[in-house]
Amino acid sequence: MFGLANPTKFMRFSGILLPYLIITTLGLFGWGLYMVFTAPEDYLQGPLSRILYVHAPSAYLAQAAYVFMALANFTGYIWRHPLADMAAKNAAPIGATFALLTIITGMLWGKPAWGTWWVWDARLTSVFILFIMYLGYIAIWQVIEDQVKAARVATIVAAVGLINIPIIKFSVEWWNTLHQPASLTTSGSAIHPSMLTALLIMFAAFTFLFTSLLFISIRTEINRRRARAMEMRILQQNIAQTNLSTRAAINNQEPD
Amino acid sequence: MKPLLALFKRDISLFFRSGGGAGQAIGFYLVVVILFPFGVGPELNLLARISIGVLWVVLLLAILLSAERIFADDLEDGSLTLLLTAGPLPEMVILVKLLAHWVSIALPLLVITPLLGLLLNLPAGGLWPLVLCMFIGSLGLCALATIGASILVSIRRANQIISLLILPLYIPTLIFGVSATTDLTFQLDQPYTALLILTAISLISLIIAPFAAAQALKANA
Amino acid sequence: MKPLLALFKRDISLFFRSGGGAGQAIGFYLVVVILFPFGVGPELNLLARISIGVLWVVLLLAILLSAERIFADDLEDGSLTLLLTAGPLPEMVILVKLLAHWVSIALPLLVITPLLGLLLNLPAGGLWPLVLCMFIGSLGLCALATIGASILVSIRRANQIISLLILPLYIPTLIFGVSATTDLTFQLDQPYTALLILTAISLISLIIAPFAAAQALKANA
Amino acid sequence: MKIDRLKTQNLSAQKGERQLFENIEFELSAGQSMLLTGPNGSGKTTLLHLLSGSEQPRSGQIDMFMAANPTEPRGDGVIGISHFITHQDALKKNLTVYENLRFWTDFMHGDNSRIDTALITVGLEPMPHILAARLSAGQKKRLMLARLLTVSRPLWLLDEPSVSLDSEGQKLLVKLMHEHINAGGIIIASSHIPLGIEATYILELDGGRYMFDDDYIMEDAAL
Amino acid sequence: MKIDRLKTQNLSAQKGERQLFENIEFELSAGQSMLLTGPNGSGKTTLLHLLSGSEQPRSGQIDMFMAANPTEPRGDGVIGISHFITHQDALKKNLTVYENLRFWTDFMHGDNSRIDTALITVGLEPMPHILAARLSAGQKKRLMLARLLTVSRPLWLLDEPSVSLDSEGQKLLVKLMHEHINAGGIIIASSHIPLGIEATYILELDGGRYMFDDDYIMEDAAL
Ligand code: HEM
Ligand SMILES: Nc1ncnc2c1ncn2[C@@H]1O[C@H](COP(=O)(O)OP(=O)(O)OP(=O)(O)O)[C@@H](O)[C@H]1O
Ligand SMILES: Nc1ncnc2c1ncn2[C@@H]1O[C@H](COP(=O)(O)OP(=O)(O)OP(=O)(O)O)[C@@H](O)[C@H]1O
Ligand SMILES: [Mg+2]
Ligand SMILES: [Mg+2]
C-alpha cells in the first residue's frame, strides 16, 4: 500500500492493473447475468425478483464504499498520505451512485411489490440518508478550493458520518417499531441455492466494478492536475513576455 | 440591456457559487421534506393529506429566509451604493435582482418537486397542478420578499424579523396557492377561480415591488 | 471565567440587538406555526395529530438555519482570529458560543410553546412533556449545529448546504425527541426509555461538539 | 460624456447629533481637482457619498454641467457619471478577479475589451482566476483601481485611494490621476498623506460641531 | 508576563500555487522591533497571521521565550501573548464603541478600569455610546488601537497600523509604539509608508515565486 505512495508509481502500477480489472469485471458481469437469467424465478414475485441482483449488490457497495472512503481519509489524515485523500475523494461519487442505484431499483421494485414508490421504512430511510451524507461529503470537496484543507475537513465529515451510520440504522429501526409495527419486511423467502450463486457472483462483479471505476477516476484526476500545472507554466511564460512589452508601452507615456 | 444582463448573471452565479452548486437550494428542500416524516410519523395517508400544504410552506420558508440576502451582501461590501447610483435605473436593478433570486431559490424547487412529491406521497394527478401553481405563486412571493428585504436593508441579520413584516403579505398567496393546487388536483367545481386570483396577486406584486423597493432603499440611504 | 462570561453576554446581546429584540426568534416560530394551518387546512384533528411533529421540525429548522451564524459574523470581521488565539482555550470558547446560541434560539421557543401548542391544538397534557423534551433535545441540536458551522466556516453563505451535512446527525434526536414527547404525553408503556436515550444523545453531542468544532476550525485555518 | 463643471451650493450634512459640515460651496471645472483633508470623522467620506448621489444632503444642492450643455445643470444630478472608490471595496469575494472586474465594467457600461490591459496595468495579470477573497489588501485596492480604466467616467471620487498600495502602486495611482485630469476629468480625493498630485483646491473640513438643538423640534423655539 | 525573545526558524508559507516566502529566520529580543516591507501580496499579512498563531505555517517553527524561563520555549507557542491589529477590524457593528472595547478587554483578560483613559487617549471619548457601524474609517482604527492600552501584551503585531489615521492619530501611534518598546515589548509591524519609529530590523519580503508543481501530484513526474 505504501509502495504506491507517490503518484508516479501509482500511475504506472494502476496502468498495468487496470486492463485486467476491467476484463475481470466484464467477465464476472457476463457470468453473473447468465446465471441470473437462468436461475429459477422467485415463486412469489415472478420475473421482478431479478431486480434483486442489481439491488442487493449496490446496497452493499453503497455502504462499503462509505467505510472505504472514511478509512482512506483517516490514512490520509494520520500519515499525510495525499493519494489516500484522493482515493477517498474519488470514492464518494461512485458510492453515491450506488446508493442512488439502490434507491432507484428499490423504488422500481416497490411500486409493483408494495403498491407505492416509497415508504418511510427503516431500511429505505437509512439508505436515503446515506445518499444525503454522500452529497454533503462531495460538496465539501467542491466548495473548498485548497485541496489540502479540503482533505482535512473531509476527514472530519467522513468520521462523524461513519459513527452516525449505525446510530441512524438503529434509531430508524426503533422509530418504526415504536410507531408502526413492521408491516413490511424486505427479506424475502428462503433463497434457492442457484439464486445464491448468482447473487454472490453479482456481488463480486460489483466489487470489481467499484475498484475499476475508482482507479479510472483517480487516474483521470492526476492527469487533469498535471495538465493544468503544465498549462499554468506555459501561461506564466506568455504573461511574463506580454507583461514586459505592455509595461514598456505604459512606461513610455509616463507623464513628466 | 448589457448592464442588467451582467447583474442577472452575477447574482445567479454568486448564489450557486457560494454553497456548492445547485445543490444548496435543493438541499434545503430535501432536508425539510425528509424531516417531516420523522416528525409526524411515516404513515403514508397522513403524509399524502398534508403534502401539498407542507410543500407550499417550505417554498414560502425558503423564499422568506433567503430574502434578506437579496440586498444584504451588496450592502455589506459597498456594492449596493454603486448598483443604485452607477448603472441603470434602480427600479430595473431591483427587478433583475428579484428575478435572479427567483431563479436561484424557486426554480430548483420546481425542478425537484416530482421527487419531493413522491417522498411525501403526493396524491396522484397532483404533480402538474402543484408545479404550475408554485411557478406562478413563487414569482409573487419573491416580489414581496424583495420589498421586505429593501425595508430591512440596514438592519443586520434581519432574517427573522423580516418574517414578521412581510408575513401578512404572504398569506393571500399561500391560501390561494394551496386552494388552486387542490382544486386542480381534485378537479373541483370551478378549478380555475383560485388559479386566476393567484395569478392576479402575483402579477400585482411583481409590478409594485420594484417601485416600492426602490423607494425604500432611497429612504434608507 | 470573566473572558467567557464576557463572550456569552456579547453573543446574546448581538443576537437580540441585531434584529429587533427577542422578537426575532419568536417571530420565526410564530410565522411557521401560523402558516401551517393555512397550508394543511384548519381541521383541528389533523392539526392535533401533527402538532408535536411540526413543533419539533420547526425547532430543528430554526437551529439549523441560524447555525451558520455561530461563527460566520466573527469570521467576516476578523473577530474569530482573536477569539481562537487571544483568549481562553478554543474548546471553551466554542462551548460558550454554543450555549449563547442555544439561549438565543431555543429558549424563546420553549417560552412560547404554550401559545404555539394552543394554536396547533396540541393534545391535552402534551405541554410539559413537549417543553421538557425540547429543552433536552435542543441542547444536543445546538451542539450538532456548532459542529456543522465549524466545518463550514470558510464557506460563505453555507446556510443551505449546511443542512445537507448536519441533517443526518439531527435525525436520531428528532426521532427520540418526538417519541419521548409522545410517550410522555400519552403515558405509554415505558414512558421514560425514549427520554433517557434523548438525554444521552444530547449529552454526548454536547461533550463531543467543542472538540470536534475546535478541530475543524483549526483544519480550516 | 464630457463634463464642463461641478458646482455645489450650501451643502451640509448631519449625522446623529453632529453637524459634520455646513454651507460647503465650490466649483470645479474640467481638468481641476480638489483634495479633501481634515481630522478623522470630519466628514470627508460623507461628503464624497453626497457627491456620488448615494446619500442625500441635509440641505444644499449639487449641480453638474456637461460640456454639451454648459448652461443647464444635468437632470439626473450626479447619478451615473462618477467613479466612487471608498473604504468598502464593492468586490464579491466569491467571484474571481476577472469576474469582478468584468461585472462592474458591464454594469457601468464600460468597455470590456480593456479588461486585460487594465489588469496588466494594475499588476494583477498573473491572478485573473483567483477569488477576490484571496487577494491581499493592496491587491484588492488595485482591482478597484482597474475599474477606473475599463469604464470612462468624468468625475472621480477617491476616498483615501493610496491606502494599502505599495510604492509602485502609489506611483501608478498618481499616473492615473494625472491622465484623467489631462483628459479633462475632475477628481475629488480625500487623503491623510500626500497624494502626489497638485490639487487645484484644498478643502479642509474642521470636524463640525455637536448640535444639541435637534432642528425641527427646537425650530424657532425661543431659547 | 515579560517576554525574553521571539525566534523563528525556517518559516515558510504557501498560498494556492504561490510560495510566498521560504526559510524566514529572525530573533527579536525584548525592546526590539521589526518592520515588514515588500510589494503588495508579498506575504506581510500572512507572516503576521503565522506569528499570531491563527494560521499554521507550511513548515518551520516559532518559539517564544519568556523572561521567567529564557532557556525553554513557551509551551503554548504564540497563543495568548500578542496583540494583532490587521485590516479586519474585529469590531461588532451593532455594539457601541464602549461595548466593543469592553468586550475585548474582558475577553483578553485586560484591565477594564483603563477603558475610560484609553478612550480619551485615542480621542473617542465624545462617542462611547455610538454604534461601531457609525464610525469613520479613522475612528475605527483608533478604537482598535485602544485595545493596545487596556490589555497588556508583550508582542504587538501591527499590520499597516497607520492606515486611515489623521496626522494627530499617526503621532499617537508613534508614541504608543515607543512606550511599548521602552517597556520591554516587541513590535513587528508592516507598512508601505514610513511609520515614524526606528525599527531594529527591517525584513523585506520579495513576493515569492509560483510553484507550478502541485506538490504531490507532480512529484517526480517526468515532464
Ligand atoms: C427505495 C427502496 C429500497 C431501498 C432503499 C432498499 C434498500 C436495501 C438495502 C440497504 C439492502 C441491503 C441490506 C443489507 O445489506 O443488509 C436491501 C436488500 C434487499 N432488498 Fe431492498 N430496498 C428498497 C426496496 C426494496 C423492495 C421494494 C424490495 C422487494 C419487495 C426489496 C427487497 C430486498 C431484498 C430481497 C434484499 C436482499 C436480502 C436482504 O439482505 O435482506 N427492496 N435493500
Ligand atoms: N448616528 C450618529 N451619531 C453621531 N455621530 C455620527 C453618527 N453617524 C455618524 N456619525 C459621525 O459622522 C462622522 C462620519 O465621518 P466620515 O466617515 O465622513 O469621516 P471621514 O472624514 O471620512 O473620517 P476618516 O478620516 O476617519 O475616514 C463620524 O465622525 C461619525 O462619528
Ligand atoms: N488560493 C490562492 N492562490 C494563489 N495565491 C493566493 C491564494 N490565496 C492567497 N494568495 C496570495 O497570497 C498572497 C497573500 O498576501 P498577503 O495578504 O500576506 O500580502 P501582503 O504582503 O499583506 O500584501 P499587502 O501589502 O497588499 O497587504 C497574495 O499575493 C495572494 O494573491
Ligand atoms: Mg473616511
Ligand atoms: Mg496586507
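Note that this is a predicted model, so its numbers are computed, not measured. In what follows, chains are A, B, ... by sequence order, proteins preceding strands, each numbered from 1. Below, each value reflects all heavy atoms present in this structure, side chains not excepted, and no hydrogens, waters or symmetry copies.
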Chain B contact residues among residues 146-157 of chain D, heavy-atom distance under 4.5 Å: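 Residues in range: R147(D), R153(D).
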Inter-chain contacts: residues 75-89 of chain D against chain B, heavy atoms under 4.5 Å: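 Residues in range: I79(D), G80(D), F84(D), Q88(D), D89(D).
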Top contributor to chain D interface from L7(B), L4(B), D77(B) [non-hydrogen pairs under 4.5 Å]: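 Maximum pair count with chain D is reached by D77(B).
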Greatest number of heavy atom pairs closer than 4.5 Å to chain D - which of V93(B), T81(B), L83(B):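 Heavy-atom pairs under 4.5 Å are most numerous for L83(B).
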Salt bridge (charged side-chain N to carboxylate O under 4.0 Å, His left out) partners of D63(D), counting only residues at least two apart: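 D63(D): no salt bridge (charged side-chain N to carboxylate O under 4.0 Å, His left out) contacts found.
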Considering non-hydrogen atoms only, spot the tightest contact between [X] and [Y] and give its length.
| X | Y | value |
| --- | --- | --- |
| L82(B) | A90(D) | CD1-CB, 3.8 Å |
| S79(B) | K92(D) | OG-CE, 3.8 Å |
| S52(D) | T85(B) | O-CB, 3.8 Å |
| M108(D) | A86(B) | CE-CB, 3.8 Å |

F26(D), CZ: over 12 other non-hydrogen atoms inside 6.0 angstrom: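 Yes, because the 6.0 Å sphere around CZ of F26(D) holds more than 12 heavy atoms from other groups.
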Residues, nucleotides or ligands: over 12 heavy atoms within 6.0 Å of F8(B) CZ: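 Above 12, so yes.
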Pairs flagged by side chain to side chain donor-acceptor pair (under 3.5 Å) wherever residues 87-97 of chain B is involved - sequence neighbours left out: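 Qualifying pairs, neighbours excluded: D11(B)-K97(B), D74(B)-K97(B).
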Per-residue contact mode, L80(B) against chain D (heavy atom under 4.5 angstrom):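 No part of L80(B) comes within 4.5 Å of chain D.
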Gap separating the OG atom of S13(B) from the CZ atom of F103(D), nearest 0.5 angstrom: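 Going from the OG atom of S13(B) to the CZ atom of F103(D) covers 10.0 Å.
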CG-CZ distance between N100(D) and R10(B), expressed to the nearest 0.5 angstrom: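 The distance works out to 8.5 Å.
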Any side-chain heavy-atom pair of L5(B) and F107(D) under 4.5 Å: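 No - every pair of side-chain heavy atoms lies 4.5 Å or more apart.
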